[in-house]
Trainee: 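Mind looking over this structure? Questions follow.
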Protein chains: 2
Amino acid sequence: MGATKTDHFTANQNELAVLAKALGHPARIAIMEYLLKVDACICGDIVNELPLSQPTVSQHLKELKNAGLIKGSIEGNSICYCINEPGLEKIKGFFEHITVHLEKKRNECC
Amino acid sequence: MGATKTDHFTANQNELAVLAKALGHPARIAIMEYLLKVDACICGDIVNELPLSQPTVSQHLKELKNAGLIKGSIEGNSICYCINEPGLEKIKGFFEHITVHLEKKRNECC
DNA sequence: TAATTATATTGCAATATTACGATATTGTTT
DNA sequence: AAACAATATCGTAATATTGCAATATAATTA
(Lines give C-alpha, C1' and ligand atoms only; values in the text may rest on other atoms or scores of the structure.)
Protein backbone atom coordinates (compact mmCIF):
# COMPACT_ATOMS: atom_id res chain seq x y z
CA MET A 1 0.00 0.00 0.00
CA GLY A 2 0.97 3.65 0.01
CA ALA A 3 -0.45 4.74 -3.32
CA THR A 4 -3.69 6.67 -3.49
CA LYS A 5 -6.61 4.50 -4.62
CA THR A 6 -7.78 6.86 -7.32
CA ASP A 7 -9.81 4.23 -9.15
CA HIS A 8 -12.26 4.03 -6.27
CA PHE A 9 -13.33 7.62 -6.58
CA THR A 10 -15.18 9.57 -9.23
CA ALA A 11 -13.37 11.41 -12.01
CA ASN A 12 -14.60 14.66 -10.55
CA GLN A 13 -13.27 13.86 -7.10
CA ASN A 14 -9.91 12.89 -8.53
CA GLU A 15 -9.73 16.03 -10.66
CA LEU A 16 -10.48 18.28 -7.73
CA ALA A 17 -7.95 16.44 -5.59
CA VAL A 18 -5.26 16.90 -8.24
CA LEU A 19 -5.95 20.64 -8.40
CA ALA A 20 -5.98 21.02 -4.62
CA LYS A 21 -2.87 18.91 -4.22
CA ALA A 22 -1.02 21.10 -6.71
CA LEU A 23 -1.76 24.07 -4.45
CA GLY A 24 -0.77 22.11 -1.35
CA HIS A 25 2.70 23.55 -1.12
CA PRO A 26 3.65 27.07 -0.02
CA ALA A 27 6.06 27.48 -2.94
CA ARG A 28 3.27 26.78 -5.38
CA ILE A 29 0.94 29.18 -3.60
CA ALA A 30 3.74 31.75 -3.82
CA ILE A 31 4.13 31.11 -7.55
CA MET A 32 0.41 31.63 -8.13
CA GLU A 33 0.46 34.82 -6.10
CA TYR A 34 3.47 36.08 -7.99
CA LEU A 35 1.95 35.36 -11.38
CA LEU A 36 -1.02 37.35 -10.20
CA LYS A 37 0.96 40.26 -8.80
CA VAL A 38 3.10 41.02 -11.82
CA ASP A 39 1.43 42.38 -14.88
CA ALA A 40 -0.03 39.55 -16.91
CA CYS A 41 2.26 36.61 -17.43
CA ILE A 42 5.94 36.99 -16.87
CA CYS A 43 8.97 35.40 -18.40
CA GLY A 44 11.74 34.29 -16.12
CA ASP A 45 12.57 35.68 -12.68
CA ILE A 46 10.24 33.41 -10.78
CA VAL A 47 13.35 31.67 -9.50
CA ASN A 48 14.65 34.93 -8.05
CA GLU A 49 11.40 35.44 -6.18
CA LEU A 50 11.53 32.13 -4.35
CA PRO A 51 13.90 30.85 -1.64
CA LEU A 52 14.49 27.65 -3.60
CA SER A 53 16.97 26.46 -6.18
CA GLN A 54 16.29 26.65 -9.90
CA PRO A 55 15.67 22.89 -10.33
CA THR A 56 13.23 22.89 -7.44
CA VAL A 57 11.29 25.85 -8.79
CA SER A 58 11.23 24.25 -12.22
CA GLN A 59 9.72 21.14 -10.66
CA HIS A 60 7.03 23.11 -8.86
CA LEU A 61 6.16 24.91 -12.10
CA LYS A 62 5.85 21.58 -13.82
CA GLU A 63 3.43 20.33 -11.19
CA LEU A 64 1.25 23.42 -11.47
CA LYS A 65 1.27 22.99 -15.23
CA ASN A 66 0.40 19.29 -15.07
CA ALA A 67 -2.51 20.06 -12.80
CA GLY A 68 -3.75 22.66 -15.29
CA LEU A 69 -3.36 25.67 -13.03
CA ILE A 70 -0.77 27.49 -15.12
CA LYS A 71 0.38 27.38 -18.70
CA GLY A 72 3.72 28.26 -20.24
CA SER A 73 4.63 29.30 -23.73
CA ILE A 74 8.13 29.57 -25.13
CA GLU A 75 9.09 33.18 -25.64
CA GLY A 76 12.46 33.22 -27.35
CA ASN A 77 15.05 32.29 -24.81
CA SER A 78 12.80 32.09 -21.83
CA ILE A 79 9.35 30.79 -21.00
CA CYS A 80 6.27 32.82 -20.35
CA TYR A 81 4.15 31.39 -17.58
CA CYS A 82 0.69 32.53 -16.65
CA ILE A 83 -2.41 31.38 -14.86
CA ASN A 84 -4.61 28.95 -16.74
CA GLU A 85 -8.17 30.06 -16.09
CA PRO A 86 -10.09 26.84 -16.83
CA GLY A 87 -8.20 24.96 -14.13
CA LEU A 88 -8.82 27.74 -11.70
CA GLU A 89 -12.51 27.89 -12.52
CA LYS A 90 -12.90 24.21 -11.79
CA ILE A 91 -11.60 24.37 -8.25
CA LYS A 92 -13.24 27.71 -7.58
CA GLY A 93 -16.54 26.11 -8.58
CA PHE A 94 -16.08 23.48 -5.91
CA PHE A 95 -15.87 26.08 -3.18
CA GLU A 96 -18.80 28.04 -4.52
CA HIS A 97 -20.83 24.85 -4.59
CA ILE A 98 -19.96 24.19 -0.96
CA THR A 99 -20.77 27.73 0.07
CA VAL A 100 -24.19 27.68 -1.55
CA HIS A 101 -25.04 24.43 0.20
CA LEU A 102 -23.84 25.72 3.52
CA GLU A 103 -25.92 28.85 3.31
CA LYS A 104 -29.05 26.83 2.77
CA LYS A 105 -28.37 24.76 5.85
CA ARG A 106 -27.20 27.40 8.25
CA ASN A 107 -28.15 26.71 11.86
CA GLU A 108 -29.32 23.18 11.34
CA CYS A 109 -26.04 21.94 12.68
CA CYS A 110 -23.48 21.94 15.50
CA MET B 1 16.14 17.20 2.18
CA GLY B 2 12.62 16.04 1.58
CA ALA B 3 10.82 18.23 4.06
CA THR B 4 8.95 21.30 2.91
CA LYS B 5 10.79 24.53 3.77
CA THR B 6 7.83 26.19 5.43
CA ASP B 7 9.94 28.75 7.27
CA HIS B 8 10.86 30.44 4.02
CA PHE B 9 7.30 31.33 3.16
CA THR B 10 4.76 33.67 4.72
CA ALA B 11 2.27 32.48 7.32
CA ASN B 12 -0.50 33.12 4.85
CA GLN B 13 1.12 31.05 2.14
CA ASN B 14 1.69 28.20 4.56
CA GLU B 15 -1.88 28.35 5.84
CA LEU B 16 -3.32 28.24 2.35
CA ALA B 17 -1.02 25.37 1.42
CA VAL B 18 -2.13 23.38 4.47
CA LEU B 19 -5.78 23.86 3.54
CA ALA B 20 -5.23 22.96 -0.10
CA LYS B 21 -3.10 19.97 0.80
CA ALA B 22 -5.84 18.66 3.06
CA LEU B 23 -8.15 18.65 0.05
CA GLY B 24 -5.49 17.06 -2.13
CA HIS B 25 -6.82 13.54 -1.84
CA PRO B 26 -9.98 12.16 -3.47
CA ALA B 27 -11.10 10.51 -0.24
CA ARG B 28 -11.02 13.84 1.52
CA ILE B 29 -12.89 15.54 -1.32
CA ALA B 30 -15.45 12.73 -1.03
CA ILE B 31 -15.75 13.30 2.73
CA MET B 32 -16.37 17.00 2.23
CA GLU B 33 -18.97 16.28 -0.44
CA TYR B 34 -20.67 13.74 1.77
CA LEU B 35 -20.81 16.08 4.76
CA LEU B 36 -22.44 18.55 2.44
CA LYS B 37 -24.91 16.13 0.91
CA VAL B 38 -26.41 14.75 4.09
CA ASP B 39 -28.49 17.02 6.20
CA ALA B 40 -26.25 19.05 8.43
CA CYS B 41 -23.54 17.13 10.21
CA ILE B 42 -23.76 13.42 10.51
CA CYS B 43 -22.58 10.96 13.10
CA GLY B 44 -20.94 7.80 11.91
CA ASP B 45 -21.47 6.10 8.56
CA ILE B 46 -18.79 8.05 6.73
CA VAL B 47 -16.78 4.84 6.77
CA ASN B 48 -19.58 3.01 4.93
CA GLU B 49 -19.60 5.66 2.22
CA LEU B 50 -15.95 5.30 1.34
CA PRO B 51 -14.05 2.45 -0.30
CA LEU B 52 -11.43 2.51 2.43
CA SER B 53 -10.93 0.80 5.77
CA GLN B 54 -12.04 2.33 9.03
CA PRO B 55 -8.51 3.26 10.20
CA THR B 56 -7.77 4.92 6.88
CA VAL B 57 -10.97 6.96 6.95
CA SER B 58 -10.28 7.95 10.54
CA GLN B 59 -6.87 9.20 9.45
CA HIS B 60 -8.33 11.27 6.62
CA LEU B 61 -10.88 12.77 8.99
CA LYS B 62 -8.07 13.70 11.34
CA GLU B 63 -6.21 15.48 8.57
CA LEU B 64 -9.26 17.48 7.55
CA LYS B 65 -9.77 18.39 11.19
CA ASN B 66 -6.15 19.42 11.71
CA ALA B 67 -6.34 21.63 8.66
CA GLY B 68 -9.47 23.29 10.07
CA LEU B 69 -11.83 22.19 7.32
CA ILE B 70 -14.12 20.07 9.49
CA LYS B 71 -14.89 19.81 13.17
CA GLY B 72 -16.12 16.90 15.22
CA SER B 73 -17.99 16.79 18.48
CA ILE B 74 -18.61 13.73 20.60
CA GLU B 75 -22.24 12.71 20.43
CA GLY B 76 -22.74 9.84 22.82
CA ASN B 77 -21.19 6.79 21.35
CA SER B 78 -20.23 8.25 18.04
CA ILE B 79 -18.76 11.47 16.72
CA CYS B 80 -20.59 14.16 14.85
CA TYR B 81 -18.51 15.65 12.06
CA CYS B 82 -19.37 18.71 10.09
CA ILE B 83 -17.80 21.35 7.90
CA ASN B 84 -15.90 24.09 9.70
CA GLU B 85 -16.81 27.31 7.96
CA PRO B 86 -13.87 29.53 8.94
CA GLY B 87 -11.38 27.17 7.34
CA LEU B 88 -13.46 27.04 4.23
CA GLU B 89 -13.81 30.81 4.06
CA LYS B 90 -10.05 31.21 4.15
CA ILE B 91 -9.35 29.09 1.13
CA LYS B 92 -12.40 30.33 -0.72
CA GLY B 93 -11.09 33.85 -0.22
CA PHE B 94 -7.89 32.92 -1.97
CA PHE B 95 -9.74 31.91 -5.12
CA GLU B 96 -11.95 34.97 -5.06
CA HIS B 97 -8.87 37.13 -4.72
CA ILE B 98 -7.34 35.44 -7.74
CA THR B 99 -10.51 35.78 -9.78
CA VAL B 100 -10.84 39.50 -9.09
CA HIS B 101 -7.24 40.06 -10.17
CA LEU B 102 -7.70 38.03 -13.31
CA GLU B 103 -10.78 39.92 -14.37
CA LYS B 104 -8.93 43.20 -14.13
CA LYS B 105 -6.19 41.91 -16.38
CA ARG B 106 -8.18 40.05 -18.94
CA ASN B 107 -6.63 40.07 -22.42
CA GLU B 108 -3.31 41.51 -21.41
CA CYS B 109 -1.80 38.08 -21.55
CA CYS B 110 -1.13 34.92 -23.55
C1' DT C 1 30.88 29.03 -33.62
C1' DA C 2 31.90 29.76 -28.83
C1' DA C 3 30.21 31.74 -24.79
C1' DT C 4 26.08 33.04 -22.42
C1' DT C 5 21.47 32.77 -20.63
C1' DA C 6 17.18 30.42 -19.39
C1' DT C 7 14.99 26.40 -18.32
C1' DA C 8 14.49 21.25 -17.94
C1' DT C 9 15.95 16.62 -16.63
C1' DT C 10 18.44 13.14 -14.00
C1' DG C 11 19.78 10.93 -9.90
C1' DC C 12 19.60 10.55 -5.25
C1' DA C 13 18.97 11.26 -0.17
C1' DA C 14 15.68 12.79 3.33
C1' DT C 15 11.13 12.94 4.60
C1' DA C 16 6.03 12.51 4.13
C1' DT C 17 1.81 10.17 2.78
C1' DT C 18 -1.25 6.31 2.12
C1' DA C 19 -3.29 2.20 3.58
C1' DC C 20 -4.50 -1.34 6.72
C1' DG C 21 -4.26 -5.14 10.43
C1' DA C 22 -4.08 -5.29 15.14
C1' DT C 23 -5.18 -3.18 19.18
C1' DA C 24 -6.74 0.45 22.35
C1' DT C 25 -10.29 3.58 24.00
C1' DT C 26 -14.75 5.18 25.22
C1' DG C 27 -19.54 5.18 25.62
C1' DT C 28 -23.80 2.06 25.44
C1' DT C 29 -26.45 -1.64 26.17
C1' DT C 30 -27.84 -5.99 28.25
C1' DA D 1 -19.80 -6.17 34.92
C1' DA D 2 -19.69 -8.20 30.29
C1' DA D 3 -20.58 -7.71 25.56
C1' DC D 4 -21.12 -4.48 21.98
C1' DA D 5 -20.55 -0.44 19.03
C1' DA D 6 -17.98 3.49 17.19
C1' DT D 7 -13.82 5.61 16.66
C1' DA D 8 -8.77 6.36 17.44
C1' DT D 9 -3.99 4.96 17.67
C1' DC D 10 0.11 2.06 16.73
C1' DG D 11 3.14 -0.22 13.81
C1' DT D 12 4.71 -0.97 9.45
C1' DA D 13 5.14 -1.66 4.35
C1' DA D 14 4.62 0.57 -0.09
C1' DT D 15 4.81 4.65 -2.50
C1' DA D 16 5.18 9.74 -3.24
C1' DT D 17 7.13 14.28 -2.46
C1' DT D 18 10.74 17.64 -1.62
C1' DG D 19 15.06 19.59 -2.58
C1' DC D 20 19.36 20.11 -4.82
C1' DA D 21 23.91 19.25 -7.34
C1' DA D 22 25.18 17.94 -11.66
C1' DT D 23 24.14 17.87 -16.20
C1' DA D 24 21.44 18.48 -20.44
C1' DT D 25 18.93 21.28 -23.81
C1' DA D 26 17.78 25.22 -26.49
C1' DA D 27 17.71 29.97 -27.90
C1' DT D 28 20.76 34.33 -27.98
C1' DT D 29 24.48 36.98 -28.28
C1' DA D 30 29.38 38.11 -29.06
Side-chain angles (χ1 to χ4, degrees), chain A residues 1-9 13-14 17-31 34-35 38 41-67 70-82 110, chain B residues 1-9 13-14 17-31 34-35 41-67 69-82 110:
Chain A
M1 338 268 118
T4 297
K5 293 179 142 190
T6 49
D7 40 316
H8 292 152
F9 299 96
Q13 286 165 344
N14 282 313
V18 164
L19 287 165
K21 191 174 188 175
L23 291 171
H25 192 291
R28 296 195 291 264
I29 294 282
I31 289 171
Y34 183 66
L35 286 179
V38 296
C41 54
I42 209 70
C43 313
D45 67 10
I46 295 177
V47 172
N48 305 317
E49 286 294 316
L50 294 183
L52 296 169
S53 74
Q54 182 270 319
T56 303
V57 172
S58 181
Q59 196 176 275
H60 284 305
L61 286 167
K62 190 179 176 184
E63 277 172 65
L64 285 170
K65 202 162 97 184
N66 286 344
I70 64 173
K71 57 188 173 184
S73 50
I74 298 169
E75 200 76 36
N77 202 12
S78 54
I79 293 189
C80 179
Y81 280 110
C82 63
C110 20
Chain B
M1 335 272 116
T4 296
K5 292 179 142 189
T6 50
D7 39 317
H8 291 150
F9 299 96
Q13 287 165 342
N14 282 313
V18 164
L19 287 165
K21 191 174 190 175
L23 291 170
H25 191 291
R28 296 195 290 265
I29 294 281
I31 290 171
Y34 183 66
L35 285 179
C41 54
I42 208 71
C43 311
D45 67 11
I46 296 177
V47 171
N48 306 318
E49 287 293 318
L50 294 182
L52 296 169
S53 74
Q54 181 269 321
T56 304
V57 172
S58 181
Q59 197 175 274
H60 283 306
L61 286 166
K62 190 179 174 184
E63 277 172 65
L64 285 170
K65 202 162 97 182
N66 285 345
L69 284 165
I70 65 173
K71 56 188 172 183
S73 49
I74 298 169
E75 200 74 36
N77 203 11
S78 54
I79 293 189
C80 178
Y81 279 109
C82 64
C110 17

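A, B, ... follow the sequence lines: proteins, then strands. Residue 1 opens every chain.
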Trainee: In this structure, how many angstroms lie between the C1' atom of C/dG27 and the CD1 atom of B/Ile79, rounded?
Mentor: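 Spelled out: CD1 on B/Ile79 to C1' on C/dG27 is 11 Å.
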Trainee: Tell me the interatomic distance from B/Lys62, atom NZ, to C/dA19, atom C1', rounded to whole angstroms.
Mentor: 15 Å
Trainee: Looking only at non-hydrogen atoms, find the nearest pair between B/Pro51 and A/Phe9 and report the distance.
Mentor: CD-CE2, 3.9 Å
Trainee: Going by the rule side-chain hydrogen bond (donor to acceptor under 3.5 Å, both in side chains), which residues pair with A/Gln59 if we only count those two or more places apart in sequence or in a different chain?
Mentor: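 Partners of A/Gln59 by the side-chain hydrogen bond (donor to acceptor under 3.5 Å, both in side chains) criterion come out as none, since no residue qualifies.
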Trainee: Which residue pairs pass the salt bridge (charged side-chain N to carboxylate O under 4.0 Å, His left out) test with at least one member in residues 18-28 of chain A, sequence neighbours excluded?
Mentor: A/Arg28-A/Glu63
Trainee: For residues 49-60 of chain A, pull every pair meeting salt bridge (charged side-chain N to carboxylate O under 4.0 Å, His left out), keeping only residues two or more places apart or in separate chains.
Mentor: none
Trainee: Calculate the interatomic distance between B/Asn66 atom CG and C/dA16 atom P; express it in whole Å.
Mentor: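 In whole Å, C/dA16 P lies 15 Å from B/Asn66 CG.
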Trainee: Indicate the ring-plane relationship of A/His25 and A/His60, choosing parallel, tilted or perpendicular according to the 30° and 60° boundaries.
Mentor: tilted
Trainee: Any chance you could lay out the side-chain contact (heavy atoms from CB on, under 4.5 Å) test for A/Glu75 and A/Ser73, step after step, and finish with the verdict?
Mentor: CA-CA 6 Å; A/Glu75 200 76 36; A/Ser73 50; 4.2 Å; yes
Trainee: Using the side-chain hydrogen bond (donor to acceptor under 3.5 Å, both in side chains) criterion, which residues pair with A/Ser53? Sequence neighbours excluded.
Mentor: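 Partners of A/Ser53 by the side-chain hydrogen bond (donor to acceptor under 3.5 Å, both in side chains) criterion, ordered by chain and then number, come out as A/Thr56.
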Trainee: Counting primed atoms plus P, OP1 and OP2 as sugar-phosphate and everything else as base, spell out the protein contacts along nucleotides 25-30 of chain D at 4.0 Å heavy-atom distance: B, S or - for each nucleotide, 5' to 3'.
Mentor: --BS--
Trainee: Measuring from B/Ile70:CD1 to B/Lys62:NZ, what's the distance to the nearest 0.5 Å?
Mentor: 12.5 Å
Trainee: In whole Å, I'd like the distance from the CD atom of B/Glu63 to the P atom of D/dA16.
Mentor: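 It works out to 17 Å between those atoms.
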Trainee: Please state whether the phosphate of C/dA19, meaning OP1 or OP2, lies under 4.0 angstrom from any side-chain nitrogen or oxygen of B/Thr56.
Mentor: no
Trainee: Whole angstrom is fine here: how far is it from CG in A/Leu52 over to P in D/dG19?
Mentor: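 It works out to 5 Å between those atoms.
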Trainee: In this structure, how many angstroms lie between the C1' atom of C/dT15 and the NZ atom of B/Lys5, rounded?
Mentor: 14 Å
Trainee: Could you tell me if the side chain of A/Tyr34 sits less than 4.5 Å from the side chain of A/Leu50, heavy atoms only?
Mentor: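 The answer is no; the side chains never approach within 4.5 Å.
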Trainee: OP1 or OP2 of C/dA6 less than 4.0 angstrom from a side-chain nitrogen or oxygen of A/Ser78, does that happen here?
Mentor: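 False: A/Ser78 side-chain N/O out of range (4.0 Å or more) of C/dA6 OP1/OP2.
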Trainee: Under the 3.5 Å rule, do the base of D/dA6 and the side chain of B/Gln54 count as making a donor-acceptor pair?
Mentor: no
Trainee: Given that B/Thr6 and B/Gln59 both sit by DNA chain D, which one's nearest nucleotide is further toward the 5' end?
Mentor: B/Gln59
Trainee: Strictly below 4.0 Å: does A/His60 bring a side-chain N or O up to OP1 or OP2 of D/dT17?
Mentor: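 So the side-chain polar atoms of A/His60 never come under 4.0 Å of the phosphate oxygens OP1 or OP2 of D/dT17.
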Trainee: Round to a whole Å and report the spacing from CG of B/Asp7 to P of D/dT18.
Mentor: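 Going from CG in B/Asp7 over to P in D/dT18 covers 15 Å.
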Trainee: Specify the residues of residues 19-31 of chain B, ordered by number, for which at least one heavy atom lies under 4.0 angstrom from an atom of DNA chain C.
Mentor: B/Lys21, B/His25, B/Arg28
Trainee: Between D/dT18 atom C1' and A/Leu50 atom CG, what is the distance in whole Å?
Mentor: 14 Å
Trainee: Find which nucleotide of DNA chain D each of B/Thr4 and A/Ala3 is nearest to by heavy atoms, and output the residue with the more 5' nucleotide.
Mentor: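 Comparing both residues, the 5'-ward one is A/Ala3.
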Trainee: Decide yes or no for A/Leu35 and A/Ile46: does some side-chain heavy atom of the first lie under 4.5 Å from some side-chain heavy atom of the second?
Mentor: yes
Trainee: So does B/Tyr81 get a side-chain nitrogen or oxygen closer than 4.0 Å to the phosphate oxygens (OP1/OP2) of D/dA8?
Mentor: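 Yes, because at least one side-chain N or O of B/Tyr81 sits under 4.0 Å from OP1 or OP2 of D/dA8.
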